[in-house]
*Asks:* 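Right, I'll just put the structure down here and ask away after.
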Amino acid sequence: MCGIVGYIGNKPVYDILINGLKKLEYRGYDSSGIMIYNQKPLVKKAKGKVSDLEKLFVNSADKQGYLGIGHTRWATHGPPNQINSHPHTSNSGEITLVHNGIIENYDSIKKILTQKGYVFHSDTDSEVLVNLIEDIKKTKNVKLGKAVYFALKQVIGAYAIVVFDSKNPKEIVGARLGSPLAIGLGDSEYYFGSDATPFLEFTKRCIYLNDNEMFIVNMKKGLTLREIKRDSIIDPYIEELKQNIEEVEKGGYDHFMLKEIFEQPHSIIDTFRGRLLSYNQPISISSLKKHFEEFKNAKRIIFISCGTSWHSSLLAEYYFEELLRIPVEVEYASEFRYRNPVINKGDIVIPISQSGETADTLAAIKMAKEKGAFLYGICNVVGSSIARETHTGVYTHAGSEIGVASTKAFSCQISLLLLMALNLGQKLGTLDQKRYYRIIQELEKLPETIKTVLKSDPIVESISEKYLDAENFLYLGRGYNFPIALEGALKLKEISYIHAEGYPAAEMKHGPIALIDENMPVVVIATRKGNYHKVVSNIMEIKARGGQIIAVVSKGDVEIEKLADHIIEIPDCNELIAPILANIPLQLLSYHIANKKGCNVDQPRNLAKSVTVE
Ligand code: F6R
């Protein structure tokens with residue numbers, strides 16, 4: 001969480017910082033601040049959005065300068081207010097720092113610095129770090145780069161930092177451990193960002209820092225990259241970015257979330273590109289081909305992830321066990337990493353993550369790796385920490401997802417997981433050929449089918465209007481649709497702040513049924529194949545208790561139409577594909593309810609897109 005930007009070069013820095021922070025607001029948006037250097041550092045900070053920070057720059061003289069750093073915050077230590085926002089400045093006023101992460105031993109360092117006479121104004125760990133750097137610089141009489149190096153040797157925790165020393169205004173220093181940091185290379189100019197979006201419009205040449213790496217950018221000497229543990233200079237690996245700026249803009253939609261929902265047909269095309277060529281050609285996923293033996297000999301597959309990606313993992317359990325006949329376990333990364341799980345040789349661990357930066361998932365990967373597991377990652381963000389930490393894997397290629405609530409990334413994850421299961425199932429001989437071809441033929445048409453589902457938007461919007469005052473929602477589904485019930489409920493609660501629970505439909509009578517009365521809307525995913533008649537019985541039970549039913553049904557359903565208060569149709573399809581389609585009206589329902597309630601759909605309270613703290 002938290003977004004970092006920075007720039008040193010020959011362009012006016014103000015717009016680069018402000019626009020860069022706006023692109024990173026998805027990472028945290030409770031307060032923000034920038035430092036611009038023009039003969040001396042000028043720091044301005046504001047509680048609230050980057051737009052609140054902009055309001056502080058009424059005087060154009062304050063915007064002048066060619067070097068600066070900025071930060072948009074998701075509070076960890078201390079409430080979101082002006083004092084706790086970044087940049088933080090050292091006691092002498094010379095060193096300024098922006099930080100994303102957590103310094104776990106900040107309290108003990110703070111005590112030592114306090115004894116030495118340092119004074120702290122904020123509650124943050126970051127202010128401790130900037131003063132530690134200053135203290136080392138002064139006591140050891142070293143330059144900023146060395147001071148940062150020695151300071152980082154003392155701290156425990158996670159960080160991406162960018163640091164500036166006004167005594168040497170031609171230089172910027174930065175480092176990473178656990179939190180992402182990218183450097184954009186221009187013509188005698190350097191951009192810094194928590195990801196590449198702040199500089200995408202200026203340069204496509206990018207270096208992603210690895211853990212334990214630090215950089216010193218000096219306008220005379222250029223860029224130096226160092227490995228902190230070995231204290232050695234390393235050669236930078238420069239990537240050519242393929243993303244373009246349109247991807248990170250709203251493109252005429254009111255919100256990123258809506259844009260991303262409507263982008264799904266195209267995102268699925270990108271996910272399948274080069275992998276699902278046509279129904280009579282074999283599926284081609286190069287990492288699965290290369291590591292087929294590992295899957296063939298696997299005794300067990302363990303999926304680890306958080307949030308929406310955990311819902312993908314749950315659906316993967318249904319897909320993989322059905323089509324591969326290999327036992328599957330699904331774990332919350334945060335639980336998995338802190339218990340002492342049994343991991344045997346021959347176990348495959350599959351982390352799933354949109355951002356590729358989720359701290360718990362990353363830590364769980366490292367732990368599983370140490371225990372000898374084979375790590376196969378599924379990530380969306382190319383070059384992300386999780387993608388680099390795993391032995392091999394596959395990208396979802398959903399494109400940039402800016403809305404905090406995950407939509408297209410989820411659809412791409414589950415479509416890819418189905419494709420993987422079909423590929424492996426066919427090669428392992430655990431999947432009947434006729435069934436394989438039937439599903440593949442439908443999967444090929446998935447982008448078009450999703451377009452049909454999106455046409456239900458006006459119906460979903462009109463349904464949403466009736467439930468703006470609801471205080472609770474239940475979401476029910478069985479089999480392949482159960483993970484979709486969980487995902488539907490999560491989507492609603494995170495953006496509309498309405499309490500919602502997802503349940504396997506049959507579990508309802510073991511407790512939740514007690515909640516049902518005329519004030520309880522119940523969303524039931526009741527597509528035709530699978531456990532259809534059992535779900536119909538569940539609907540009758542809800543009806544008998546006065547609950548209001550919103551049912552997602554297969555086109556042409558007449559039975560549920562008679563029982564439900566509202567129906568939303570999706571095309572009739574294979575039961576393994578139904579969850580991918582059924583999820584889309586639920587995304588739209590959450591979006592419209594939240595939007596009509598006046599909630600901030602793209603940046604819901606207390607959340608951030610990339611959860612880089614545990
Ligand atoms: C919900 C949502 C979160 C993320 C979770 C994991 O809409 O986006 O629940 O799914 O924080 O994030 P990733 O997939 O980036 O590891």
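Just so it is clear, the values below take in all heavy atoms, side chains as well, and ignore hydrogens, waters and symmetry mates. Every number for a ligand or one of its atoms is a count from 1 in the order of the listing.
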*Asks:* I'd like to know whether the aromatic ring centres of Tyr376 and His291 sit less than 6.0 Å apart in this structure.
*Replies:*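 Ring centroids of Tyr376 and His291 are no less than 6.0 Å from each other.
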*Asks:* Could you list which atoms of ligand 1 come closer than 4.0 Å to a heavy atom of Ser406?
*Replies:*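 Answer, ordered by atom number: 7 (O), 8 (O).
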*Asks:* Is it true that Lys408 and Asp270 make a salt bridge, defined as a side-chain N closer than 4.0 Å to a carboxylate O?
*Replies:*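 A salt bridge is absent here (no side-chain N lies under 4.0 Å from a carboxylate O).
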*Asks:* Can you list the steps and then say if Glu335 with Arg339 is a salt bridge (Lys or Arg N to Asp or Glu O under 4.0 Å)?
*Replies:* CA-CA 6 Å; Glu335 289 298 315; Arg339 60 187 190 83; over 6 Å; no
*Asks:* What do you reckon, does Ser355 have a nitrogen or oxygen under 3.5 Å from a nitrogen or oxygen of ligand 1?
*Replies:*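 N/O-N/O distance under 3.5 Å: yes.
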*Asks:* Is there a heavy atom of Ile386 sitting under 4.0 angstrom from any atom of ligand 1?
*Replies:*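 Heavy atoms of Ile386 never come under 4.0 Å of ligand 1.
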*Asks:* Which atoms of ligand 1 are found less than 4.0 Å from any heavy atom of Glu494?
*Replies:*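 What qualifies from ligand 1 is 1 (C), 7 (O).
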*Asks:* Please say whether more than 12 non-hydrogen atoms of neighbouring residues, nucleotides or ligands are located less than 6.0 Å from NZ in Lys289.
*Replies:*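 Atom NZ in Lys289 is not crowded, with 12 or fewer foreign heavy atoms closer than 6.0 Å.
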*Asks:* Can you tell me the protein heavy atom closest to atom 6 (C) of ligand 1 and the distance?
*Replies:*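 Nearest protein contact, heavy atoms only, for atom 6 (C) of ligand 1 is Cys306 O, 3.4 Å.
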*Asks:* Which heavy atom of Ala182 sits nearest a heavy atom of Cys206, and at what distance?
*Replies:*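 Distance-wise, the nearest heavy atoms are CB-SG, 4.0 Å.
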*Asks:* Kindly compute the distance separating CG (Asn600) from OH (Tyr497), expressed to the nearest 0.5 Å.
*Replies:*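 These two atoms lie 6.5 Å from each other.
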*Asks:* What atoms of ligand 1 come closer than 4.0 angstrom to any heavy atom of Ser309?
*Replies:*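 Taking each heavy atom of Ser309 in turn, ligand 1 has 10 (O), 13 (P), 14 (O) under 4.0 Å.
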*Asks:* What are the atoms of ligand 1, with element, lying closer than 4.0 Å to any heavy atom of Gly307?
*Replies:*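 Answer for ligand 1: 9 (O), 10 (O).
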*Asks:* Is Lys491 close enough to touch ligand 1? Criterion: a residue heavy atom under 4.0 Å from a ligand atom.
*Replies:*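 The answer is yes: ligand 1 sits under 4.0 Å from a heavy atom of Lys491.
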*Asks:* As an exercise, state the distance from CD of Glu331 to OG of Ser313, rounded to the nearest 0.5 Å.
*Replies:*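 It comes to 10.5 Å.
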*Asks:* Looking only at distances, please establish whether an N/O atom of ligand 1 is found under 3.5 Å from an N/O atom of Thr361.
*Replies:*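 No: no nitrogen or oxygen of Thr361 is under 3.5 Å from one in ligand 1.
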*Asks:* Tell me whether Lys23 is salt-bridged to Glu201, with the criterion being a basic N under 4.0 Å from an acidic carboxylate O.
*Replies:*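 Yes.
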*Asks:* Need the ligand 1 atom indices (1-based, order shown) with element for anything under 4.0 Å from a heavy-atom of Ala405.
*Replies:*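 Per the distance check, 7 (O).
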*Asks:* Among all protein heavy atoms, pick the one closest to atom 11 (O) of ligand 1 and tell me residue, atom and distance.
*Replies:*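 Answer, as residue, atom name and distance: Val611 CG2, 3.8 Å.
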*Asks:* Among Thr308, Asp360, Ile352, Thr358, which one puts a heavy atom closest to atom 1 (C) of ligand 1?
*Replies:*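 Comparing heavy atoms across Thr308, Asp360, Ile352, Thr358, the nearest one to atom 1 (C) of ligand 1 lies in Thr308.
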